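See below for the structure under consideration.
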Amino acid sequence: MASLKSLDFDGMDDAQITELAETTRFEWAERDVMIASARELRRQDWKVKVPEAWLQTAETRHTSLAKEIPARVSGTMALNEPQFKRPYIDDDVQVQEHAEAVERSQRGLFQHFKGNSIAGKNQYFFAMDQLCNSGALCIGDLFAPHDYWSIPLYSDEDGKARKKWWRDNQGRETEEVEAIDEVSSSRAYMKAVDFYRRTAVPPITRRVVPTNQAYPLFLNGRMYALFIWRQASPLELMAGGFQLEDESANASSLTNTKELLEVWTPNRCRYIVNREQLRHAVYGNEGVVTNYDFIPFVYRVGLEGGELEYGSYGMPLLSLVDSQIRLITTLLTYLFNAIHLASFPSFYLEYIVRDGTVTASVLEARTGKKVTSYQFKSGTIMDFGPDRKVVPLLHPGMNKDTYELLKMHYDEVNNVIPRSLRGVAESSGFNTVQASVQARSLFNPIADSMELAHTDLAKMDLHYIEMTGAPIYLNYAVPADSSYSSKPQKVSKIKVTPED
């Protein structure tokens with residue numbers, strides 16, 4: 001560990017950083033296996049092995065628990081939005097005003113990113129789903145000043161103030177060079193810039209990385225690198241300014257994906273394909289230079305799954321009841337197969353032994369040929385001749401013990417993950433409260449992890465606001481007294497500055 005900590009992760013060449021990424025990925029293999037098993041259960045992408053002697057045409061019948069538990073728990077956990085509170089460090093009124101400005105700005109940022117961070121998704125719900133059902137959350141807070149700084153230009157090609165900013169000493173527009181007042185002209189320009197920033201998006205973006213794609217490298221509690229292994233289309237890479245060697249007609253295809261390694265170190269971000277770094281049109285071979293001096297991502301674990309050399313990995317909720325759900329699905333499949341066999345039985349002829357002899361075959365009366373099959377007609381009495389008996393081949397049998405076993409495993413799932421945690425009331429108010437208290441053993445670690453993640457993101461937000469050196473404006477929708485109210489929602493404009 002000491003040798004790794006002394007390394008310059010930003011200065012590593014492509015071969016060194018790729019080797020370190022592969023080693024880190026191998027260390028997180030236990031976590032990937034657990035997440036893959038939970039995802040398989042949730043997608044219901046597995047089949048029950050039915051004995052060949054039983055199998056007719058019955059299909060695997062999955063229990064709804066595999067989909068219900070992930071959806072209900074993540075939805076229940078996300079019912080209450082995080083509360084932002086910055087404690088006052090003293091009784092100074094100005095300090096309290098700064099603290100309140102930061103609180104309101106964080107609420108505004110939360111509302112903005114909840115609806116705009118992930119296309120087509122609620123970012124808060126998606127993040128909670130990752131924390132509950134993948135065991136951990138990886139979310140990034142990135143400084144993206146390009147849109148924010150695309151403000152009106154003050155000077156022309158010759159370096160002189162543009163004519164639209166010319167003002168006299170009274171602050172009025174003028175077309176005479178001799179009447180230009182630099183202070184009034186600068187004030188008019190800053191007013192236009194301030195107006196632009198009122199309508200521009202915040203210079204910060206959020207990115208939630210699927211947990212099974214993120215491989216952080218922790219040393220002594222600090223993240224020194226983050227490796228993201230994922231599939232990326234050439235269209236995405238080219239749109240991001242990266243240059244590809246095989247820029248052909250297929251480059252714009254979304255299905256022509258490549259395995260991409262994203263390497264985030266304290267001051268750089270590199271894209272590596274086939275162990276070679278992609279060249280960026282602006283930054284060249286250096287990757288994207290960030291100069292953050294820290295990794296702009298948060299990795300938090302919900303339920304504890306295990307310890308690794310480079311960090312801890314979380315446990316998905318479905319991993320707690322993996323065996324129970326698989327056995328319930330198996331029993332449901334057997335029951336369905338039994339009903340299928342009972343509804344559509346097969347028949348065979350049983351020959352009656354008389355005097356030690358058995359009629360081994362049946363001959364058709366008209367042709368004298370051996371009969372191997374019969375056609376059963378509804379409402380018709382079939383006569384197969386003497387010493388022969390038609391016997392139905394029924395299902396193997398599912399008695400009461402089968403249903404008791406099925407109920408027992410349903411009860412075990414409800415004991416491990418209480419129904420109250422899934423938003424379902426118990427038989428009485430007392431039982432509901434008692435089950436809710438029992439559910440806190442699962443609820444607290446997940447809720448605490450989400451709170452700590454938002455605390456880390458808030459620290460990054462404040463760092464980026466300080467980097468801008470200019471005020472940032474946010475829209476904040478004041479919460480209504482009731483979510484069912486028909487009154488128009490009040491929206492206020494929040495201003496936060498580096499001084500806050």
Side-chain angles (χ1 to χ4, degrees), residues 22-50 59-78 125-139 208-216 227-231 259 299-334 336 405-406 408-419 421-422 439 441-443 445-446 449-450:
E22 292 174 345
T23 303
T24 306
R25 188 182 190 182
F26 177 78
E27 289 293 329
W28 288 92
E30 296 179 20
R31 179 205 67 177
D32 293 345
V33 171
M34 187 174 292
I35 293 177
S37 177
R39 287 168 61 90
E40 181 187 59
L41 274 183
R42 187 175 185 178
R43 292 196 308 264
Q44 299 184 347
D45 190 21
W46 63 285
K47 294 183 179 180
V48 173
K49 294 182 178 179
V50 180
E59 299 178 355
T60 299
R61 313 306 296 179
H62 291 278
T63 172
S64 61
L65 292 175
K67 291 183 177 294
E68 182 216 355
I69 290 177
R72 281 190 178 271
V73 174
S74 58
T76 302
M77 297 289 293
F125 274 47
F126 182 72
M128 186 65 75
D129 186 85
Q130 290 291 306
L131 192 58
C132 293
N133 301 304
S134 294
L137 168 66
C138 183
I139 183 170
V208 183
V209 180
T211 309
N212 60 336
Q213 297 179 1
Y215 300 88
F227 307 106
I228 301 175
W229 294 83
R230 63 185 181 89
Q231 295 292 321
E259 187 179 48
Y299 188 89
R300 289 288 179 182
V301 172
L303 300 179
E304 183 64 32
E307 296 288 338
L308 300 173
E309 182 178 358
Y310 298 139
S312 301
Y313 65 91
M315 178 187 300
L317 279 173
L318 287 180
S319 296
L320 296 172
V321 289
D322 182 289
S323 59
Q324 287 80 10
I325 289 180
R326 292 185 185 274
L327 185 53
I328 289 173
T329 300
T330 300
L331 292 175
L332 290 177
T333 302
Y334 286 176
F336 178 79
L405 179 63
L406 190 61
M408 181 185 72
H409 284 284
Y410 271 112
D411 292 339
E412 187 172 359
V413 171
N414 293 330
N415 289 333
V416 176
I417 304 179
R419 291 167 61 86
L421 184 60
R422 288 142 53 190
S441 60
L442 294 175
F443 183 91
I446 298 174
S449 296
M450 181 60 75

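Values in this document were obtained by computation on a predicted structure and should not be read as measured data.
- Electrostatic pairing of R326 and E40 counts as a salt bridge here, judged by a charged N lying under 4.0 Å from a carboxylate O.
- At distances below 3.5 Å, not a single donor-acceptor pair connects side-chain atoms of S319 with backbone N or O atoms of M315.
- Between I69 and L318 the shortest side-chain heavy-atom distance falls below 4.5 Å.
- In this structure a side-chain-to-backbone donor-acceptor pair under 3.5 Å is missing from R300 to L131.
- To the nearest 0.5 Å, atom OG1 of residue T24 and atom CZ of residue F227 are 4.5 Å apart.
- Contact annotation: the side chain of L327 never approaches that of Q324 to less than 4.5 Å [non-hydrogen atoms, C-beta and beyond].
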* **side-chain contact (heavy atoms from CB on, under 4.5 Å) between I446 and M128, worked out** => CA-CA 9 Å; I446 298 174; M128 186 65 75; 4.0 Å; yes
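- Electrostatic pairing of E259 and R25 counts as a salt bridge here, judged by a charged N lying under 4.0 Å from a carboxylate O.
- A salt bridge links D129 and R42; the closest N-O separation between the charged side-chain nitrogens and carboxylate oxygens is under 4.0 Å.
- Side-chain contact between V208 and C138: absent, with no pair of heavy atoms (C-beta onward) separated by less than 4.5 Å.
- Expressed to the nearest 0.5 Å, how far CG of N133 lies from OG of S74 amounts to 5.5 Å.
- Under the 6.0 Å distance and 45° angle rule, R61 does not count as a cation-pi partner of Y334.
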* To do: Test side-chain contact (heavy atoms from CB on, under 4.5 Å) on T329 and W46 and set out the steps.
  => CA-CA 10 Å; T329 300; W46 63 285; 3.8 Å; yes
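- Between atom CG of residue L65 and atom CG of residue L41 there is a gap of 10.5 Å, rounded to the nearest 0.5 Å.
- In this structure, R39 places its CZ atom where only 12 or fewer heavy-atom neighbours from other residues, nucleotides or ligands lie under 6.0 Å away.
- In this structure a side-chain-to-backbone donor-acceptor pair under 3.5 Å is missing from Q44 to H62.
- S134 places none of its side-chain heavy atoms less than 4.5 Å from the side chain of N212.
- Counted within 6.0 Å of NZ on K47, heavy atoms from surrounding residues, nucleotides or ligands total 12 or fewer; the atom is thus considered open.
- Looking at heavy atoms from C-beta onward, P316 lies in side-chain contact with M34 at the 4.5 angstrom threshold.
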* After noting the C-alpha distance and the side-chain angles of W28 and Y299, does the key distance pass the ring-ring contact (aromatic ring centres under 6.0 Å, His included) rule? -> CA-CA 13 Å; W28 288 92; Y299 188 89; 5.6 Å; yes
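- Of the possible donor and acceptor atoms, none in the side chain of T333 sits under 3.5 Å from a partner among the backbone N and O of V48.
- For the ring pair (Phe, Tyr, Trp, His ring centres under 6.0 Å) test, no residue two or more places apart in sequence or in another chain qualifies with Y313.
- In this structure, M77 and F125 have side chains that are not in contact, with every pair of non-hydrogen atoms separated by 4.5 Å or more.
- Two residues are said to be in side-chain contact when any heavy atoms from C-beta on lie closer than 4.5 Å; L320 and L303 meet this criterion.
- With sequence neighbours left out, the ring pair (Phe, Tyr, Trp, His ring centres under 6.0 Å) criterion links H409 to no other residue.
- With hydrogens and angles ignored, the 3.5 Å screen pairs no side-chain donor or acceptor of S37 with any backbone N or O of V33.
- The structure places CD of Q213 at 10.5 Å from CG of D32, a figure rounded to the nearest 0.5 Å.
- Taking CZ of R31 as the reference point, atom OG1 of T211 lies at 7.0 Å (rounded to 0.5 Å).
- Using a 4.5 Å heavy-atom cutoff, the side chains of Y410 and I328 are in contact.
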